[in-house]
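Data block below; observations after.
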Number of protein chains: 2
Amino acid sequence: MSKSTHREDHLKALYTLGEEAGQESWVSTNAMAAHLDVKPPSVTAMVHVMSELGWAEHRPYRGARLTPLGKKLALTLVRKHRLWETFLVERLGFGWEEVHDIAEQLEHIDSVSLVDKLDAYLGHPTIDPHGDPIPTAKGQIADSRRLTPLLEWPHDKPCQVGAVKDSNDKVLVELTSLGIELGTVLRPEDRLKVPLALAEEVLVEPQSSQEISTNE
Amino acid sequence: MSKSTHREDHLKALYTLGEEAGQESWVSTNAMAAHLDVKPPSVTAMVHVMSELGWAEHRPYRGARLTPLGKKLALTLVRKHRLWETFLVERLGFGWEEVHDIAEQLEHIDSVSLVDKLDAYLGHPTIDPHGDPIPTAKGQIADSRRLTPLLEWPHDKPCQVGAVKDSNDKVLVELTSLGIELGTVLRPEDRLKVPLALAEEVLVEPQSSQEISTNE
DNA sequence: CGAATTTTTTAGGTCTGTCTAAAAAATAAA
DNA sequence: TTTATTTTTTAGACAGACCTAAAAAATTCG
Ligand SMILES: [Mn+2]
Ligand SMILES: [Mn+2]
Ligand SMILES: [Mn+2]
Ligand SMILES: [Mn+2]
């Protein structure tokens, strides 16, 4: 892979962890190291590089935080990742649990026109195969949809699967084998069959009119 | 077997130059360096690595040559490169002059199932957008088609464009602007308009029954 | 508060792939 | 067949990204 692959992965990690922890917070190098499966000193070094490039600022012993430029670049990466995942599932017929690692490579392909054409080819999708929103070309995420953790949803009302939280492969495979995928309608009685560990990962929304029928 | 982009590009260069120069010939490190836009000592170093990996053999001061394993790996790279080029042109609507650099990146994506699915998605194409044959999953190139350089084709007979030789971007753009693409039928009078420098790059075959009509 | 623990950075190495400059081998010319 | 030229390899450096071990700062706790 090209040289910037690792830089870009660090950038994305900083973005992801920063989003999780709230806007103005500093992300610890330890957290990034764990997320990237790398040792903390390696992250410190890379954070310095990102700082040089104007992608992040670094407060020693506090953590790192993206600059506006860094955030913009991170969003193009997220966009590419999720568009490729969509392509792999929608067009090539991959399962939703198979695409993350491949998209992790594809997201680093450097070509603006490629991303635009892929986006158009897919019909400008707004969410990826895991229900995560796809940033627009201008770097805006349409976070208009309000999703609720399945476990917090009222027990007597039906709902519809809108996204899965942390796309761990195993979780996705097990959900699929239970007949649960994006858009699946869950009635109160359906929920009894879902193990807690899986239910924790599922985000739901009110049942929409144009639902996808369950295949059970 | 950890692979890297640069190793793979060296492997492919060795394959390409080896094919051009005939089966049993040794490829000079200088030729590879020129082809890869790298200095000769870098190639020497990489040839040693490929030799370690069992991909090539090296005769000092003579050159390098692929082993059967190396040839097999090189063919999977060529296959990936040409499948991606086909995808970019056929599905995403790129021009044939735009796809080489992007495919040069995409060919290094590491996923066997991705290649197979892409191949199926494209309908198992046998040639890429430049007319070059696409190796099969088993590493076989169907070189059944006999193409003739346009300049050697009898002046009074019509022919059909089957491939372009060295896919230089400028050449491809100029050919397109003359209305010449893959499958274009060239009648004797059409050939008068084609500059020598361009005609040199064109390979033709006898006019087939199901030709693509020219857009002029 | 001050000592013990945890977190983070610095210091110093390794590995890969590149470079330039110099040495060695092969080839061409006289 | 010697000498000159070209080609190729070796030697030594450098940059990026990673590591372990040790030092420094921040945090926790008695
Ligand atoms: Mn990645
Ligand atoms: Mn996703
Ligand atoms: Mn390449
Ligand atoms: Mn091609």
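Letters A, B, ... mirror the listed sequences (proteins, then strands); counts begin at 1. All values below were derived from every heavy atom in this structure, side-chain atoms included, with hydrogens, water molecules and symmetry-related copies excluded. Not measured: the values here are computed from a predicted model.
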cation_pi(A:Arg91, A:Tyr121) dist<6.0 Å, angle<=45: yes
message: If I take atom CE in residue B:Met50 and atom P in nucleotide C:dG17, what distance separates them, rounded to the nearest angstrom?
response: 11 Å
- request: Strictly below 4.0 Å, heavy-atom distances to any atom of DNA chain D: list the hits from residues 9-19 of chain B, or just say none.
  value: none
query: Using a cut-off of less than 4.0 Å, is there contact between a side-chain N or O of A:Thr29 and OP1 or OP2 of C:dT9?
result: yes
task: Taking the side chain as every heavy atom from C-beta outward, state whether A:Lys80 and A:Ile109 have any atom pair closer than 4.5 Å.
output: no
- request: Classify the side-chain pair A:Asp9/A:His108 by whether it contains a donor and acceptor separated by less than 3.5 Å.
  value: yes
message: Starting the side chain at C-beta, find the nucleotide from C:dT18, C:dT9, D:dT9 nearest to B:His6.
response: C:dT18
message: So, does A:His58 get its side chain near the phosphate of C:dT9, meaning an N or O under 4.0 Å from OP1 or OP2?
response: yes
- line: Taken to the nearest whole Å, OH/A:Tyr61 to P/C:dT8 is 10 Å
query: Between B:Met46 (CE) and D:dT10 (P), how many Å, whole number?
result: 16 Å
Step-by-step side chain to side chain donor-acceptor pair (under 3.5 Å) determination, A:Glu52 to A:His48: CA-CA 6 Å; A:Glu52 280 297 305; A:His48 286 155; over 6 Å; no
- prompt: Would you say A:Glu200 and A:Val171 make side-chain contact, with heavy atoms under 4.5 Å?
  reply: no
query: Just how far, in rounded Å, is P of C:dT16 from CD of B:Glu8?
result: 16 Å
statement: Rounded to whole Å, CG of B:Leu53 lies from P of C:dG17 at a distance of 9 Å
field: Sorted by number, the residues of residues 32-44 of chain A with heavy-atom contact under 4.0 Å to DNA chain D
entry: A:Val38, A:Lys39, A:Pro41, A:Ser42
task: For B:Arg7 and C:dT16, give me the distance from atom CZ to atom P, rounded to whole Å.
output: 8 Å
task: Determine, step by step, whether B:Arg62 and B:Glu57 satisfy the salt bridge (Lys or Arg N to Asp or Glu O under 4.0 Å) criterion, reporting the C-alpha distance in whole Å, the side-chain angles of both residues, the deciding distance to 0.1 Å, and the verdict.
output: CA-CA 11 Å; B:Arg62 281 233 129 58; B:Glu57 46 179 336; over 6 Å; no
statement: Ranking D:dT8, C:dT10, C:dG17 by distance to the side chain of A:His48, first place goes to C:dT10
task: Could you tell me the separation between the CZ atom of B:Arg62 and the C1' atom of C:dA25, rounded to a whole number of Å?
output: 11 Å
message: By the definition salt bridge (Lys or Arg N to Asp or Glu O under 4.0 Å), identify the one residue from A:Asp132, A:Asp128, A:Asp119 that meets it with A:Arg79.
response: A:Asp119
message: A side-chain contact here means heavy atoms from C-beta on lying under 4.5 Å apart; do A:Trp96 and A:Leu182 qualify?
response: yes
- prompt: In terms of the angle between their ring planes, are B:Trp84 and A:Trp84 parallel, tilted or perpendicular, with boundaries placed at 30° and 60°?
  reply: perpendicular
